[in-house]
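Naming: A, B, ... by sequence-line order, numbering from 1 per chain. This one's a predicted model, so the numbers in the text were calculated from it and none came from an experiment.
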Amino acid sequence: MFSFNALLSLASIGLNGTNLELLYLSVLLGIIAIILFYFYFRLVPAKEYLQEQAEDAGYERTNEYVRDKLSDKPRELSWKIFLYDDSKSIGLRYLFTSILFLFIAGSFGVLMRVSLTEPNPTIIGAAQYNVLMTEHATLMIYMFALGAALGLGFYLLPSHLKLKKDTMGVYSSIAYWVWLAGGIFILISRAALRWYFYPPLSLELTQSGGGEFAWLAVLGLELVFIGLMIASVVIIKIIAFDRSPDIKLNQMSLFSWSILFTVIMAISSAPPLMVGLGMLFYDYFNPIFFITGTNTLLFTILFWFWGHPIVYMAIIPFFGLIYEIIPKFTGTKIYSYNSGVWGLGLLLILSELVWGHHLLNSGLGIAWITFFTTMSFLVVIPSAITVFNFIGTLWTAKSIRTTVPMLFVLNGIVDFIIGGITGVMQSFAPFNEQVHGTYWVTGHFHFIFIGITMGISFAAFYMLFPTFTGGRKYNVSLARWHFALTAGGSYLMAFAWSVGGFLGMPRAVAGYFGFFQGYQDASIIGGVIIGIGQLIFLYNIATSWLKAPSTSSDNAFEEENTGVSKTPSPAGGK
Amino acid sequence: MIMEGNKAGVVFVVIVLLLVAIGLTLMLNPPTVKAFQLPPVPSKNVKHYENITIYADANGWDYGHGTINPTLTIANNTVVNFTVIEEDGQPHTLTINPGSSESTYQDTLLSTSQITTIPGHKSYVQAYFDTIGVYTYWCTVHPETMVATLYVNATVSNTTSGVHYAHYANQTLQLLKNNLTSNGVLYPYIALASNTLLNLTIKDPNSSNYTFKINSGSKVNATTSTTLINETNSSLTVSVPFNNTGQYVYWNSNNTSRFGTIFVYTALVNTSLYADVYGWNFSKSSGVNPTISISAGTLVNFTIINEDNLTHVLEINLGNAENSSTAVAVASVDPSTNLTWGYYLFTSTGNYTYWDLYHPSTAVGIINVTNSSSSSAVIYIPGLVSSQSSSAYIPGTQTRDELYP
């Protein structure tokens, strides 16, 4: 069914030997890709259809029609999103692709949990476990978290900023396809090099090393970065130059600010690792960069210079969404708009300066350890500003409607407080030495990623559901079950990890000592509960979509920012 | 369309579940093919299988594991299972090409990413050899140090019998008007270290009838001789083991009055001395006038390199001091000669003195000859730069005088 192996081994011959097959193959595939993309961008019927529609509506230029009629209006999900290249279509592409990857990578996570029922690997082998772990981490962070952030950004920004033009859609479209190709490369590479891509493991093209086709993951990640860079530049251009003159910078919604900070972070942090990946790929042919001890440390530095900002990029857009969601269900304004912007902005600055805390045990020296530890403690300040801003908004609200999105938000705030505290504990160097490489770390970031990244994505999805479906309502009780199982399962799983990790349970291995059986069992139950919750979510989508439209296709995110409201509210709330 | 209307949700969920299934299938079937595979081995022609293990070290193949850069000998139509063990954490390749030196026409059997830089890591590769000849195996990262020879012979190789020789040597002889020659030298003397497998290739352009024989001693002796070749062929290779020291003669049945001699010494050592007015090896960090330790019965090939463009003569005599009456001039360099070589056979145990005829007060050192029981030719000589570690020396073009100091 899948001939990936044959194709990849053909390419591998070229990589390791002096054969010309790889060259021929790449040239051939490159020509095919160029032809396909030519048809895609020039000759697809939908473009003509869109043009006809524009002409019928009296527009000379399709772009103006898209901006006026499509760009800032709620958009239903349709297959045409792959043919239109206005921002909202791009946003829907990113969003739904990221959900696909959430389920793909999530299934890997559940399988990993289930495989740990016994201390020694029984269900799957250690090599397969390594592959699952690498793919789960890499796809979740680059394809789900980044995809959801970019998707919501592309989808909501035109409404929030009332764009006066929307002209860089082709670039956004190219960015999406490059990003998707990168994700597919990473997926089919079945690499086992963890999301760090550290050499010399990543240079070892064996099953017991980084995986036979680890080089494909390196290529894929580079593609993801290229897509991300293009998208980031487009988003900055949209925010900086294309927003309506009515909206001043200090009136922009907090979500727009969070997206702006996210893409600035991407552009400022990714290039070192992009260069590092290029050097790594060159090492497959001629190992000159990362072959000795100090040079591998150099790669870890290149990686974490990006690796820490990316985890902030995976939460900052969702902080922005929390700022948008809370006012909708409390009927109040954000407690402090300015401190919200400053909190997110400080997170941007400080997150660039704390990457060394991932390498506290790698011999950076006491001076650097002190610096990075101090910086990591300082991150508490903007985090606390943000959390207290959330709490202050809730505190001053007259009533809180506990709708499903709001439940996810409340749960996300609590999750972030727990995950944040367990996180900042790690920046204390002696404690870090204890818990480094244990499930404590896994528990820390799963609290935050499940609570904030995944939970707020679901909150936004539920809020946009009537829009995507053209006026259909989701089944609220099923959605509450989805929330309860996701939240409950994640607490059980991450708590069991945190406690077990505190006692020294090593992470990222296919087995564990029998001593930790209880913690592993608890996290398996938690993981399976999360998985069941997501099945309920899928069931809810399928069944709710089958019903007839019963409500308006507007949504709270867009209606108040589409210019209907004559007095733009800085926080986007009323 | 399929993504619109009330079925869109079902379609999306089906896509999600399908992709999850594909993803899980993919992950649970990680690729198991080797990243690099040689073309399938044609089974009908395979006559032998060899397992060869070599250590990859930037100082030379098998550095620290016996002979450095060992010469490998296999029979034709052999599948060799190479096991390369990483030694020093440096990147290495196992690259083989036909011919006696590195070339760009090469086949990298194991790349740097396969050998890896993890000391102790073993990597494996199979190679099939179906053409008789000389091959060079080397490391493209360290082409200067990690380069050695692999011979593919017509006959069964030594290694299949389970016997391992310390050295492998090669000599090609040509049957010319019933005389055996090599590069124009009639019946060349062949010097070997003990425990050597000599691969003799006899070329006979006329495909005449002859038998190639060898016997111990200093004369032709038909009764004790061994017939090695009794065929009519234009080119034949035969592998002859020489385990013990001594003298042998080789000859052919068409001309029993002429013969060539093979000397088997305890050991053969190639070593270099840098001639300097202030002492041997004066400019070398290893120390001036180094004491050389060898075992008795060793033939040493001294390479003299002129360091200061003066005249130097290497003299060697038995005893702890220079003795010009018993000393033998082994080799000399002068302003017009920068490099030369000479041989000296150390027969008795004790101390020899090596010195410079022109600078006897500064350039004088001791050669300590012990009665070592080891017959291995691999002898550690402190402070000397070994120009070629391969201990098998075949003076195919040397005259008799050069062989006998």
Mark yes when over 12 heavy atoms from residues, nucleotides or ligands other than B/Tyr63 sit less than 6.0 Å from its OH; otherwise mark no. no
Using non-hydrogen atoms only, which part of A/Leu132 is less than 4.5 Å away from chain B: side chain, backbone, both, or neither? side chain
For the student: nearest non-hydrogen atoms of B/Gly9 and A/Ile541, plus distance: CA-CG2, 3.9 Å
As an exercise: rank A/Tyr129, A/Phe101, A/Tyr539, A/Phe103 by heavy-atom pairs under 4.5 Å with chain B and give me the winner. A/Phe103
Output the distance between atom CG (B/Leu26) and atom CZ (A/Phe108), rounded to the nearest 0.5 Å. 7.5 Å
Checking heavy atoms, do the side chain of A/Leu538, its backbone, both or neither come under 4.5 Å from chain B? both
Just give me the residue among B/Leu17, B/Val20, B/Val14, B/Val141 that pairs up with chain A most often, heavy atom to heavy atom, under 4.5 Å. B/Val20
When A/Phe465, A/Phe461, A/Phe96 are each screened for ring pair (Phe, Tyr, Trp, His ring centres under 6.0 Å) with B/Phe12, the one that passes is A/Phe96
How many angstroms lie between atom CE of B/Met27 and atom CD of A/Glu135, to the nearest 0.5 angstrom? 4.5 Å
Is chain B contacted by the side chain of A/Ile124, its backbone, both, or neither, given a heavy-atom distance below 4.5 Å? side chain
The side-chain contact (heavy atoms from CB on, under 4.5 Å) partners of A/Lys547 (sequence neighbours excluded) come to none
With sequence neighbours left out, write down each residue that passes ring pair (Phe, Tyr, Trp, His ring centres under 6.0 Å) with B/Phe82, or none if nothing qualifies. none
Nearest 0.5 Å please: distance from the CD1 atom of A/Ile104 over to the CG atom of B/Leu24. 9.0 Å
So what's closer than 4.5 Å to chain B heavy atoms on A/Glu204: side chain, backbone, both or neither? both
Spatial distance of atom CD1 (A/Ile188) from atom CD1 (B/Ile22) [nearest 0.5 Å]: 12.0 Å
